[in-house]
2 protein chains.
Amino acid sequence: MGKQTTEMLKGTLEGIVLAILAVRPAYGYEITSRLREQGFVDIAEGTIYALLVRIEQRGLVDVQKVPSEKGPPRKVYSLNASGGEVLAEFWRTWGFLAERIEQLHHAIEHPREEGEH
Amino acid sequence: MGKQTTEMLKGTLEGIVLAILAVRPAYGYEITSRLREQGFVDIAEGTIYALLVRIEQRGLVDVQKVPSEKGPPRKVYSLNASGGEVLAEFWRTWGFLAERIEQLHHAIEHPREEGEH
DNA sequence: TCCCGGTATTCAGTCTTGCTATGTACCGGT
DNA sequence: ACCGGTACATAGCAAGACTGAATACCGGGA
């Protein structure tokens, strides 16, 4: 994907990851590969780990180290109450933005005189 | 609005402004007040001007100075062919992102066992 | 044995972009 | 003369995504 995707992910990627964790706990590598499966083929691994560090420091997730059968121990993240609140706020913000952008899209596809001022 | 909105605007605000210009040409001050009317009450004026400078330098818009009856001359921006392409790409990127995020929202609202692995 | 590839995490440095704060300039009304 | 609304510009800051590299654990093949 292009630069546009990168910039558009700012602010939304955090919500995406919180939403993934809301479904069930997961560790960084797992999140990255699940995102790739879902079509986000170009999200850098380092980006996800950095994001996880941030949300952990903000206390939005609980962390548990779990030994892996093939590699270093996994850090399994699970959403806690704070994270749930931030996720809820994310959905509100997203809804607001998506609604307005859809309006704009509609305005272009179906232009009309605007009598309201 | 909160920090989430700010971060989410990164990457989308450019598309929003291009979309506004696709409807009809406009100048900076006008774009700002139109955005405020549409609910983006906290978008800083400086942000819009900086964005307009960027898209002008990238050649996405044509500019025309028009004298104003009440203030300094207006810089009226109109979308050109390049800008149209970038806007089209924006809609594709937005569509991709919105689709996946809606999927995630749906997955949380309607959780189910996933038998696929 | 030694190396390689897959798993798993971390970090320093860079770039883009929105915000803050401020400054400039033009105009009409009081 | 001053003030408020119109209109544009910019320097410095903060946040977040990317690049590239390093570290570490494990199994299998030459």
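Residue numbers begin at 1 in each chain, while the letters A, B, ... track the order of the sequences. In what follows, every heavy atom counts, from backbone to side chain, and hydrogens, waters and symmetry copies are set aside.
Of all nucleotides listed (C:dG18, D:dC8, D:dG16), C:dG18 comes nearest to the side chain of B:T47. The B:E7 side chain lies nearest to D:dG16 when the options are D:dG16, C:dT9, D:dA17. Of the candidate nucleotides C:dG18, C:dT16, D:dT6, D:dT6 has the atom lying nearest to any side-chain atom of B:Y29. Each of C:dT17, D:dT19, C:dT9 was ranked by its minimum atom distance to the side chain of B:E14; first place goes to C:dT17. Considering only side-chain atoms of A:L13, the nucleotide from D:dA17, C:dT17, D:dC8 that sits closest is D:dA17. Distances from the side chain of B:K3 to the nucleotides C:dC19, C:dT17, D:dG16 place D:dG16 closest. Closest to the side chain of B:T6, out of C:dC19, D:dA7, C:dT9, is C:dC19.
With A:F96 as the aromatic partner, A:R92 does not meet the cation-pi criteria of under 6.0 angstrom to the ring centre and within 45 degrees of the ring axis.
Of all non-hydrogen atoms in B:G28 and B:L52, the two that sit nearest each other are CA-CD1, 3.6 Å. The shortest heavy-atom contact between A:Y77 and A:L21 is O-CD2, 3.5 Å. Among all heavy-atom pairs drawn from B:G15 and B:L87, the shortest one is O-CD1, 3.8 Å. Across all non-hydrogen atoms, the minimal contact from A:L13 to A:I43 is CD1-CD1, 3.9 Å. For the residue pair B:A26 and B:R34, the shortest heavy atom distance occurs at CB-NH2, 4.1 Å.
Residues forming a side-chain contact (heavy atoms from CB on, under 4.5 Å) with B:Q64 (at least two apart in sequence, or on another chain): none. Under the side chain to side chain donor-acceptor pair (under 3.5 Å) criterion, B:E7 pairs with B:K10, not counting sequence neighbours. For B:E102, the side chain to side chain donor-acceptor pair (under 3.5 Å) partners two or more places apart in sequence, or in a different chain, are A:W94.
In this structure, NZ of B:K75 is placed 17 Å from C1' of C:dC26, rounded to the nearest angstrom. Per the geometry, CD1 belonging to B:I43 stands 18 Å off C1' belonging to D:dC8, to the nearest Å. Distance, B:L35 CG to C:dC19 P: 11 Å, rounded to whole Å. Counting to the nearest Å, the C1' atom of C:dC11 and the CD1 atom of A:I48 are 16 Å from each other. Following rounding to the nearest Å, B:R74 (CZ) and D:dC8 (P) show an atom-to-atom distance of 8 Å. Atom CZ of A:R34 is separated from atom P of C:dT7 by 15 Å (rounded to the nearest Å). One interatomic measurement links the two molecules: CG of B:L52 to P of C:dG18, which rounds to 11 Å at whole-angstrom precision. Put simply, CD on A:E30 is 12 Å from C1' on C:dA8, counting in whole angstrom units.
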Stepwise salt bridge (Lys or Arg N to Asp or Glu O under 4.0 Å) check, A:E56 with A:K75: CA-CA 11 Å; A:E56 181 185 354; A:K75 281 179 75 175; 3.5 Å; yes
Could you give me the CA-CA distance, side-chain angles and deciding distance for B:E14 and B:F90, then say whether side-chain contact (heavy atoms from CB on, under 4.5 Å) is met? CA-CA 9 Å; B:E14 177 180 299; B:F90 168 76; over 6 Å; no
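The shortest distance between the side-chain N/O atoms of A:Y27 and the OP1/OP2 oxygens of C:dA8 is below 4.0 Å. Look at B:Y49 and you'll find a side-chain N or O under 4.0 angstrom from OP1 or OP2 of D:dC8. For D:dA17, one of the phosphate oxygens OP1 or OP2 lies less than 4.0 angstrom from a side-chain nitrogen or oxygen of A:R54.
Across all strands, A:E45 comes closer than 4.0 Å to base atoms (heavy-atom distances). If you check every strand for non-hydrogen atoms under 4.0 Å, A:G28 touches sugar and phosphate atoms only.
Of all the residues in residues 55-63 of chain B, not one reaches under 4.0 Å from DNA chain D with any non-hydrogen atom. Residues from residues 64-73 of chain A with heavy atoms under 4.0 angstrom of DNA chain C, sorted by number: A:S68, A:K70, A:G71, A:P72, A:P73.
Side-chain contact between B:I55 and B:V86: absent, with no pair of heavy atoms (C-beta onward) separated by less than 4.5 Å.
In terms of polar N and O atoms assigned as donor or acceptor, the side chain of A:K10 comes within less than 3.5 Å of the base of C:dT16 in a complementary pairing.
Comparing the start and finish of the helix from C:dT1-D:dA30 to C:dT30-D:dA1, five pairs each, the helix axis swings through 20°, to the nearest 10 degrees.
Side chain of B:R100 to main chain of A:Q38: a donor-acceptor pair is present (N/O by atom type, distance under 3.5 Å, no hydrogens or angles).
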